[in-house]
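Quick notes on the structure that follows.
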Amino acid sequence: MTLLTDELKAWIGREVHYPAHEELGRASIRYFALAMGDENPLYLDEGYAREAGYPSVIAPPTLVCETCQYAHRRPEANGYIGHEWHLPITDCRMIRTGNDYEFMRTVLPEDRISVTWTLGDIVERGSSRGGTQLFVSSVARYKDAAGEVVAINRETVVYQPLEMA
Amino acid sequence: MIKPTKSVAMVQPGEPLPMLERTFTTVDLMAYGAATWDWHRVHYDVDFAWAMKLPNVIIDGQAFGALFARAVLDWAGPQAFIERLSFKMKSMAFAGQTLRVESEVTQIRDRTVVLAQRLTSGSRLVSEAGTEVRLPAPA
């Protein structure tokens, strides 16, 4: 039985846009640095950041790709509020296999970052444990208020049938 | 006085970077989830994790990206810019575990230093990254 149904193939190429609700903000940057235990003064000290050549404190590079600040909805039963495709896949568990981040410029607290997620591809491949699994590749493009891309996040998740899990 | 930033003339292929270690407690995972607006229960609700047949709450795999980036920027200095960071998940890591990032220079292309990075918990490989960091032109 194939996991990659025609219904599922029709999802390839779909796009969802999340407009920015506010600036990224100094509070989000400091909160992230505190949570990670990262005391790099570029994220916390205006004077230090300016001396290093930046207009103000800057965001840690991966913050825009890690945060769901773009989202604005009630949490799901599991608590999640970030982007999800809600693909018509049943009896599988989803595992993120990796992320490929590309950064175009340093993100600043004043940046208003909107996000567009695109479902790039769905591929069915054999598993070393027998049977097949689905690999779903998505791309998130993070843009500033001028529409310039500041970062790209290519993410792949795998859906494994529960009997294989 | 800002910390100096490395230039490619100061870097050699094969050079190891200082190791970075970080233990994520359940409190750290709650803080990380809140700071990234990710309130998924699997990162702080141990009853939910047990119901998923997991031994404890999971360290969010996206935090590995922040750890890889930090290891590179702590080494390279304030004017370094990460151009690319590509990481793969190899196994799950759970609250209370200490994660260790080890990094090595593999290549130098113009002003970009290419690094191979490994994130482990004890002897177990948790994630691997290929990272490219651009260093400033020599003064």
Side-chain angles (χ1 to χ4, degrees), chain A residues 27-43 45 47-54 58 60-72 75-82 93 95-106 151-158 165, chain B residues 1-5 20-24 27-45 48 52-53 60-70 72-74 77-90 92 127-134 136:
Chain A
S28 290
I29 291 171
R30 189 166 66 87
Y31 199 165
F32 182 82
L34 262 181
M36 286 302 297
D38 190 340
E39 293 176 357
N40 190 329
L42 288 179
Y43 313 141
D45 181 337
Y48 184 93
R50 277 197 289 269
E51 204 180 331
Y54 301 100
I58 64 172
T62 59
L63 171 55
V64 287
C65 299
E66 292 179 46
T67 184
C68 300
Q69 186 170 344
Y70 60 82
H72 190 82
E76 297 181 357
N78 61 23
Y80 194 62
I81 66 160
R93 73 168 183 185
I95 301 165
R96 190 166 53 228
T97 62
N99 292 80
D100 182 4
Y101 300 151
E102 204 178 328
F103 301 105
M104 285 71 193
R105 73 158 168 90
T106 300
I152 297 173
N153 170 14
R154 296 177 182 86
E155 179 172 280
T156 306
V157 299
V158 60
Chain B
M1 179 71 183
I2 65 163
K3 186 178 156 180
T5 303
L20 173 69
E21 278 192 342
R22 168 99 175 130
T23 304
F24 284 91
V27 170
D28 293 324
L29 293 181
M30 192 288 298
Y32 178 80
T36 55
W37 301 55
D38 178 351
W39 313 327
H40 201 299
R41 290 177 188 276
V42 79
H43 304 308
Y44 57 84
D45 181 343
F48 183 88
M52 298 284 108
K53 300 190 174 5
D60 190 334
Q62 289 211 280
F64 304 160
L67 284 177
F68 284 129
R70 181 177 160 195
V72 172
L73 294 176
D74 284 355
Q79 283 140 354
F81 177 76
I82 292 184
E83 299 174 308
R84 190 147 201 167
L85 170 53
S86 179
F87 59 108
K88 289 192 166 30
M89 312 300 177
K90 296 295 181 182
M92 286 191 272
S127 182
E128 279 181 322
T131 306
E132 297 177 11
V133 59
R134 189 174 68 227

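So that the names make sense, note that chain A is the first sequence line, chain B the second, and so on, each numbered from 1. Hydrogens, waters and symmetry mates play no part in the numbers below; they use all other heavy atoms, side chains included.
- Under the 4.5 Å side-chain criterion, counting only non-hydrogen atoms from C-beta, Gln62(B) is in contact with Arg96(A).
- For Thr62(A), the part lying under 4.5 angstrom from a heavy atom of chain B is the side chain only.
- Residues Leu73(B) and Tyr43(A) come closest through the heavy atom pair CD1-OH, 3.7 Å.
- With Tyr31(A) contributing its side chain and Ala34(B) its backbone, the two residues share no donor-acceptor pair below 3.5 Å.
- No part of Ala49(A) comes within reach of chain B, as not one of its non-hydrogen atoms sits under 4.5 angstrom from that chain.
- With a 4.5 Å cut-off on non-hydrogen atoms, Leu67(B) touches chain A through its backbone and its side chain both.
- Inter-residue side-chain proximity for Leu85(B) and Cys65(A) is flagged as unmet; no heavy-atom pair is nearer than 4.5 Å.
- Heavy atoms closer than 4.5 Å to chain A are found nowhere in Lys90(B), neither backbone nor side chain.
- Between Pro78(B) and the choices Leu42(A), Ile58(A), Asn40(A), the side-chain contact (heavy atoms from CB on, under 4.5 Å) rule is met once, by Leu42(A).
- Interface remark: Ala69(B) contributes side-chain atoms only to the contact with chain A (heavy atom separation under 4.5 Å).
- The number of heavy-atom neighbours closer than 6.0 Å to CD of Glu39(A), taken from other residues, nucleotides and ligands shown, is 12 or below.
- Heavy-atom pairs under 4.5 Å with chain A peak, among Lys53(B), Arg70(B), Glu83(B), Met1(B), at Arg70(B).
- Contact detail for Met36(A) and Ala66(B): the closest heavy-atom pair is CE-CB, 3.7 Å.
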Checklist entry - Would Phe81(B) and Met104(A) satisfy side-chain contact (heavy atoms from CB on, under 4.5 Å), going step by step from the backbone distance to the final call? => result CA-CA 9 Å; Phe81(B) 177 76; Met104(A) 285 71 193; 5.8 Å; no
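- For Phe68(B), no part lies under 4.5 angstrom from a heavy atom of chain A.
- Of the atoms belonging to Phe48(B), it is side-chain heavy atoms, and not backbone ones, that fall under 4.5 Å from chain A.
- Residues Lys3(B) and Tyr48(A) are in side-chain contact: their nearest non-hydrogen atoms beyond the backbone lie under 4.5 Å apart.
- Within the 3.5 Å criterion, the main-chain N or O of Asp38(A) finds no donor-acceptor partner in the side chain of Arg22(B).
- With a 4.5 angstrom heavy-atom cutoff, Pro60(A) does not touch chain B via any of its atoms.
- With a 4.5 Å cut-off on non-hydrogen atoms, Tyr54(A) touches chain B through its side chain but not through its backbone.
- No donor-acceptor distance shorter than 3.5 angstrom exists from the side chain of Glu66(A) to the backbone of Gly65(B), with no hydrogens or angles considered.
- Between chain B and the residues Ala151(A), Gly37(A), Gly53(A), the most heavy-atom pairs under 4.5 angstrom are made by Gly37(A).
- Contacts of Arg30(A) with chain B are absent, with no heavy-atom separation under 4.5 Å from either backbone or side chain.
- Judged by distance alone, the side chain of Tyr101(A) and the main-chain N or O of Phe87(B) form no donor-acceptor pair under 3.5 Å.
- Of the listed residues (Asp28(B), Thr36(B), Asp60(B), Asp38(B)), the one with the most heavy-atom contacts under 4.5 Å to chain A is Thr36(B).
- Looking at Glu155(A), only its side chain comes within 4.5 Å of chain B, counting heavy atoms on both sides.
- Residue Met89(B) is tested with Thr156(A), Thr97(A), Asn99(A) for a side-chain contact (heavy atoms from CB on, under 4.5 Å); the sole match is Asn99(A).
- Minimum interatomic distance between Ala52(A) and Ile2(B) (heavy atoms only, all atoms of both residues): CA-CD1, 3.6 Å.
- In this structure, Cys68(A) SG and Trp39(B) CH2 are separated by 9.0 Å, a value rounded to the nearest 0.5 Å.
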